[in-house]
Amino acid sequence: MAAIVSPTQRELDLEHVWHGNLQHQGLEKRPPLEIVRAEGCWVYDSGGRRYLDAMAGLWCVNVGYGRREIVEAVAAQMEQLPYYPLTQSHPPGAQLAARLAELLPKGLSRVFFLNSGSEAVETALKMARQYGRRAHPGQNRYKIIARYRAYHGFTMGALSATGQAARKRAFEPLVPGFLHVAPPDPYRCTFCSREPGCTLACADEFDRVIRMEGPETVAAVILEPSIGGGGVFHAPSGYLERVREICDRHGVLMIADEVITGFGRTGKMFAFEHAGIRPDILTVAKGITSAYLPLAATIATDEVFDAFRGETDDAKFAQVSTFGGHPCSCAAGLANLEILTRERLWENSARMGEYLADRLRELKSPAIGEVRGRGLLIGLEMVADSNRAPLPEPDVIRVQRLIREAGVLVGRNNDTVPGFGNVLTLAPPLTLSREEADAIVAGIETGLRQL
Ligand SMILES: Cc1ncc(COP(=O)(O)O)c(C=O)c1O
């Protein structure tokens with residue numbers, strides 16, 4: 001009798017899995033990594049080779065891999081109450097909402113739980129539209145102003161807010177009412193490249209667009225305090241303060257999308273803290289559980305929430321999520337935040353981020369046009385020459401592969417703006433040690449040497 005040979009992980013995968021954002025034609029020649037286990041900042045493939053995960057999965061494993069505390073909290077919750085919907089109440093949901101409110105500035109205290117960053121953004125957009133109509137009777141505030149290069153998610157509303165042509169064009173037409181302005185990009189600024197310094201003209205664009213459209217038609221501005229997937233652009237000094245002031249002047253809500261930047265990534269617990277402002281609505285995901293289980297949240301101020309109180313049902317926020325605020329995810333979130341705050345990981349993020357960015361600048365590679373770092377969220381803008389021409393995408397892909405062969409996993413801003421898929425991205429776990437930061441630099445140096 002012939003022996004039955006079980007198919008390998010690779011065969012099963014290539015035959016059946018539809019991978020996000022991957023061209024499947026020819027995938028067997030460049031198969032995805034087969035990661036089978038992980039510990040700390042390191043992941044291991046099916047052949048036993050280890051890689052330093054300088055992307056923390058997808059910008060999300062903030063406390064690092066292998067935390068037993070989270071595993072045990074989830075297992076205990078599974079036994080106690082594996083599921084109940086948040087149309088009613090359960091202990092980890094209430095406790096995590098309260099814990100988040102404690103970590104946030106006063107008044108930013110009403111938490112709507114979801115499963116993914118896209119859902120959190122979708123929810124924020126819906127809240128903003130309904131709020132606009134309730135808080136400004138007789139007006140029709142439905143427009144949302146976002147920024148080019150921003151990424152806000154894959155669902156139709158979040159994708160409409162996204163400012164990346166390549167991610168959108170196959171699915172157009174998208175949701176009406178979304179407008180975009182230029183992001184802050186001092187390296188290639190369209191506004192102040194001839195000025196001695198940043199004039200915040202890009203922030204003032206929000207004011208211009210709101211006035212041109214008519215403030216009575218605008219519900220909200222949405223922005224990532226640091227653009228992540230679009231190529232890592234940090235808000236310059238004064239930028240968020242200026243946008244906050246513009247929003248206040250026009251009665252427009254400010255939505256901060258901190259799906260990547262939340263929970264220590266940029267060296268503060270939340271990135272808006274760098275500017276000392278408070279958004280009206282905040283979206284978080286990823287680092288809320290360090291991705292041990294799916295969870296996201298849309299968090300509103302008391303003022304926004306209060307607009308949804310009313311005698312009639314049409315005042316309420318009519319949205320239900322079966323899995324949003326799953327008790328096991330909330331238990332993971334509570335254990336994760338306990339680790340994050342006990343170990344003050346945002347401080348290590350600030351410290352190691354500065355060290356890593358400095359060491360990358362010291363490489364003095366002509367292919368690195370700029371190193372953009374804030375905490376452990378770092379972008380390397382790759383260039384072809386001293387005139388800042390972007391390094392062609394095939395070369396960027398090749399460097400990324402060479403760095404991987406050297407044992408370090410870095411990201412890349414693929415499918416964003418035509419011609420500008422030239423930023424390598426770093427977002428390692430916030431537990432990163434100095435030796436591990438050195439290992440990232442060594443991997444990048446080795447990759448660049450072979451370019
Ligand atoms: C800023 C931002 N918003 C929203 C999302 C969407 O999150 P998710 O992939 O969990 O749907 C992402 C994903 O990377 C993101 O970076």
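Numbering of ligands and ligand atoms starts at 1, following listing order.
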Heavy-atom donor-acceptor pair, S118 side chain to F154 backbone, under 3.5 Å: yes

T301 and D280: side chain donor to acceptor below 3.5 Å: no

Test of proximity, S118 against ligand 1: N or O pairs below 3.5 Å: yes

Under 4.0 Å to a heavy atom of E224 - the qualifying atoms of ligand 1, by number: 1 (C)

Test item: side-chain donor near acceptor, T266 and H234, under 3.5 Å: no

Subset of ligand 1 atoms that lie under 4.0 Å from at least one heavy atom of G117: 6 (C), 7 (O), 8 (P), 10 (O), 11 (O)

Any side-chain donor near an acceptor of the partner, Q319 and T123, under 3.5 Å: yes

R167 side chain vs Y151 backbone, donor-acceptor pair below 3.5 Å: no

N/O separation below 3.5 Å, D257 to ligand 1: yes

Where ligand 1 meets K286 - atom numbers and elements under 4.0 angstrom, heavy-atom basis: 13 (C), 14 (O)

pair R242-F206: side-chain heavy atoms closer than 4.5 Å: no

Atoms in ligand 1 with a heavy atom of F154 nearer than 4.0 Å: 11 (O)

Pick from E119, E122, H152, E258: the one approaching atom 4 (C) of ligand 1 most closely through a non-hydrogen atom: H152

Numbering as shown, the atoms of ligand 1 that approach S116 to under 4.0 Å (heavy-atom distance): 10 (O), 11 (O)

Atom indices of ligand 1, in the order listed, that fall short of 4.0 Å to a heavy atom of I260: 16 (O)

Flag for Y65-D53: side-chain donor and acceptor within less than 3.5 Å: yes

